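Step one of this worksheet: look at the structure below.
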Amino acid sequence: MVHRTTTAQTTGAMRRWGQPAFVTFAAMVTVASLTGGVAAKEQRPAAAVEATAQRTAGEPIMAIVSIKAQKVTLYDAEGWIYRAPVSSGVKGRETPAGVFALIEKDKDHHSTLYDDAWMPNMQRITWNGIALHGGPLPGYAASHGCVRMPYDFAEKLFDKTRIGMRVIIAPNDPAPVDFTHPALFVPNAQAIAAAPARAEKLTREAADAAKAADEAKKASIAASKEAALFTPASLRKLQQMKTRADAAVALADKTLAAAKTDQAKARAEDLKQKAVAKAAEATTQFEAAQGDARPKLDAAAAAKDAAKAAETKKADTQKAATEAKLALEPVSVYISRATQKLYVRRNTHKPWADGGEVFDSSIEVPVTIRDPDRPIGTHIYTAMARNDAGGLRWTQVTIDDGDNAKDALDRITIPQDVLDRIAPTAVPRSSIIISDEPLSAETNYRTEFVAVLSNQPQGGFITRKPTRPMMTDDMVASRDEDGFGFFYQRSWNPQAPTNYGSPQYGAPQFGSPQIYGNPQAANPRRRGGQYYWQSQQDW
């Protein structure tokens, strides 16, 4: 994929800065002057230039940031469309190499960590504060972990990207290469054609089931209230009233028999008549309750069972409707050699109150990897567009050494039931990622996949406190009737359950820092870096 280009040397000119931004820039200049001697000794990449392909650009599918070349390149279905220089993280605060996706966009972002520093046209890739944004470019790595882009370029790019776009940060300078392999998803034309109508039909069924469940619940409550009058306790109370009334009649009889005077006999006779009337009423109530109790109790039990069945149907139809909606979305698959698991995610497009969108994470299964102790590398396979035969045209990008892209796929056996669920309706922008790495703890309910290369510097990542895991209140708040209420994970650390303050694997080690779910601990190639908790958007 070769295209003629027009190029323009980047000036790095800054736009208007407010006072806080100017102070921050002055601080940057001061730091740069102090470290300039060291930086001058380091080998710097050749100056990058901005470039735009001389053709009509399609929607960007992926962005590849090269740390070595200090540049970013964006690709649509036909090839590269935009290039620009960048400034990544300085030594000690390096931008992490790995696999990410856009999770939030903010046109006029200001840092809460760095003195309100202006980060215009911010496009977030982790919730702990790694992002692409406009900023000053001195011609070498200079940020605290983010990827700075030229101001004009960041502005031009902002409206062209969407949440979920793949962002690959590579230590070297890779580019997508056309790729074919029998293990890649092969969509079914009939399934794709039928998917929209099926999603619409199941959505209607889910709405009807939700309405029926609500009505069944109300009926069960009403039946239970009626049956409450005929519970064993209520019957015992009526029986006790009847027993007391019968005792009062017996006492009245004794009183009447013992009466000596006409006046006493008259009073006793009056008491007896009243006691007999009360006893008759109590007997009538008790006998009526006995006759009515069983039907009412049976009706309440039946209504309760009906409500349970309606709730089950509601859940089943919501799940089916949700899967049908998700079948219309690009699917992303992550296969980790470290955890021997396969993860599937799709964007639900459900907005979250604190920013970003909710990603489905309902599939997480063991996967078979041949020779699991042998490195496999990190490879990203992306469906760029449909081909002439109605299938998908794929590319691959490798950012970490191991097997080549073909051999890596050859070693994987994806469960057939997973393939049956996702392959028939796979669409362009779908992807498969194979990596030695486990998922980062930054992978959560508002991200696609976040995976960092453990054999590359991560200073700008590990010095940031990680996003807090989802709390119970968050989970309850996320539930609604649109079929997307169950898209929260059991644990935001996908490798295994872990307690706050304990490493991912094994017991805490003496002298080790307290962490939340070390995402790299299972990887034998790990070379350092821990995670510390902080509030969500403190960066």
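Quantities reported herein were computed from a predicted structural model and do not represent experimental measurements.
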- [ ] Test Ile163 against Phe359 for side-chain contact (heavy atoms from CB on, under 4.5 Å), laying out the working first.
- [x] CA-CA 11 Å; Ile163 299 298; Phe359 282 75; 4.2 Å; yes
side-chain hydrogen bond (donor to acceptor under 3.5 Å, both in side chains) against [X], all qualifying residues, sequence neighbours excluded:
{"X": "Thr203", "answer": "none"}
{"X": "Lys308", "answer": "none"}
{"X": "Asp420", "answer": "Gln416"}

Is there side-chain contact between [X] and [Y], with at least one heavy-atom pair below 4.5 Å?
{"X": "Val99", "Y": "Arg166", "result": "yes"}
{"X": "Gln123", "Y": "Met165", "result": "no"}
{"X": "Lys71", "Y": "Ser66", "result": "yes"}
{"X": "Phe185", "Y": "Val333", "result": "yes"}
{"X": "Val65", "Y": "Ile168", "result": "no"}
{"X": "Pro150", "Y": "Pro85", "result": "yes"}
{"X": "Ile414", "Y": "Ile335", "result": "yes"}
{"X": "Asn121", "Y": "Leu157", "result": "no"}

- [ ] Determine, for Glu78 against Arg55, whether the closest basic-nitrogen to carboxylate-oxygen distance falls under 4.0 angstrom.
- [x]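 Result for this pair is no, no salt bridge flagged.
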TODO: State whether Glu323 and Arg421 are salt-bridged, where the test is any N-O pair (Lys NZ or Arg NE/NH1/NH2 against Asp/Glu carboxylate O) under 4.0 Å.
DONE: yes
Is a side-chain donor or acceptor of [X] paired with a backbone partner of [Y] at a separation under 3.5 angstrom?
{"X": "Gln340", "Y": "Pro366", "answer": "no"}
{"X": "Arg370", "Y": "Asp410", "answer": "yes"}
{"X": "Arg346", "Y": "Leu326", "answer": "yes"}
{"X": "Lys313", "Y": "Ala212", "answer": "no"}
{"X": "Ser88", "Y": "Ala141", "answer": "no"}
{"X": "Asp76", "Y": "Pro60", "answer": "no"}
{"X": "Trp127", "Y": "Arg446", "answer": "yes"}
{"X": "Ser430", "Y": "Val331", "answer": "yes"}
{"X": "Arg83", "Y": "Leu74", "answer": "no"}
{"X": "Arg148", "Y": "Ala142", "answer": "yes"}

Open item on the list: Taking ring pair (Phe, Tyr, Trp, His ring centres under 6.0 Å) as the cut-off, I'd like each qualifying pair that reaches into residues 313-337, sequence neighbours left out, listed once.
Closed with: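 Listed by first then second residue: Tyr334-Phe449.
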Open item on the list: Could you measure the distance from the CG atom of Asp178 to the OG1 atom of Thr395? Nearest 0.5 Å is fine.
Closed with: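 Asp178 CG to Thr395 OG1: 7.0 Å, rounded to 0.5 Å.
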Which donor-acceptor pairs under 3.5 Å do side chains of residues 379-389 form with protein atoms, sequence neighbours excluded?
{"residue": "His379", "atom": "ND1", "partner": "Thr398", "partner atom": "OG1", "Å": "2.8"}
{"residue": "His379", "atom": "NE2", "partner": "Ile376", "partner atom": "O", "Å": "2.8"}
{"residue": "His379", "atom": "NE2", "partner": "Asp403", "partner atom": "O", "Å": "3.1"}
{"residue": "Tyr381", "atom": "OH", "partner": "Ala405", "partner atom": "O", "Å": "2.7"}
{"residue": "Asn387", "atom": "OD1", "partner": "Ala389", "partner atom": "N", "Å": "3.1"}
{"residue": "Asn387", "atom": "OD1", "partner": "Gly390", "partner atom": "N", "Å": "3.1"}
{"residue": "Asn387", "atom": "OD1", "partner": "Gly391", "partner atom": "N", "Å": "2.6"}
{"residue": "Asn387", "atom": "ND2", "partner": "Leu392", "partner atom": "O", "Å": "3.4"}

- [ ] Test Glu155 against Lys107 for side-chain contact (heavy atoms from CB on, under 4.5 Å), laying out the working first.
- [x] CA-CA 8 Å; Glu155 183 175 16; Lys107 187 74 176 172; 3.8 Å; yes
- [ ] Answer yes or no: does atom NZ of Lys156 have more than 12 heavy-atom neighbours from other residues, nucleotides or ligands under 6.0 Å?
- [x]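 Counting neighbours around NZ of Lys156, more than 12 heavy atoms of other residues, nucleotides or ligands fall under 6.0 Å, so yes.
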TODO: Go through the side-chain N and O atoms of Glu442 and Thr126 and say whether any donor and acceptor fall under 3.5 Å apart.
DONE: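 No, because no side-chain N or O of Glu442 sits under 3.5 Å from a partner of the opposite role on Thr126.
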Task: Test item: side-chain donor near acceptor, Asn347 and Glu329, under 3.5 Å - done: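 Short answer, no.
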Open item on the list: Pair Arg93, Ser143 - check side-chain contact (heavy atoms from CB on, under 4.5 Å), show working.
Closed with: CA-CA 8 Å; Arg93 290 183 179 272; Ser143 81; over 6 Å; no
Task: Check against side-chain contact (heavy atoms from CB on, under 4.5 Å), Phe100 and Val452 - done: CA-CA 8 Å; Phe100 308 86; Val452 296; 3.9 Å; yes
Task: Residue list, salt bridge (charged side-chain N to carboxylate O under 4.0 Å, His left out) with Arg198, at least two apart or on another chain - done: none
Open item on the list: Please give me the minimum heavy-atom distance between Lys406 and His181, naming the atom from each residue.
Closed with: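 Scanning both residues completely, I find the closest heavy atoms to be O-NE2, 3.7 Å.
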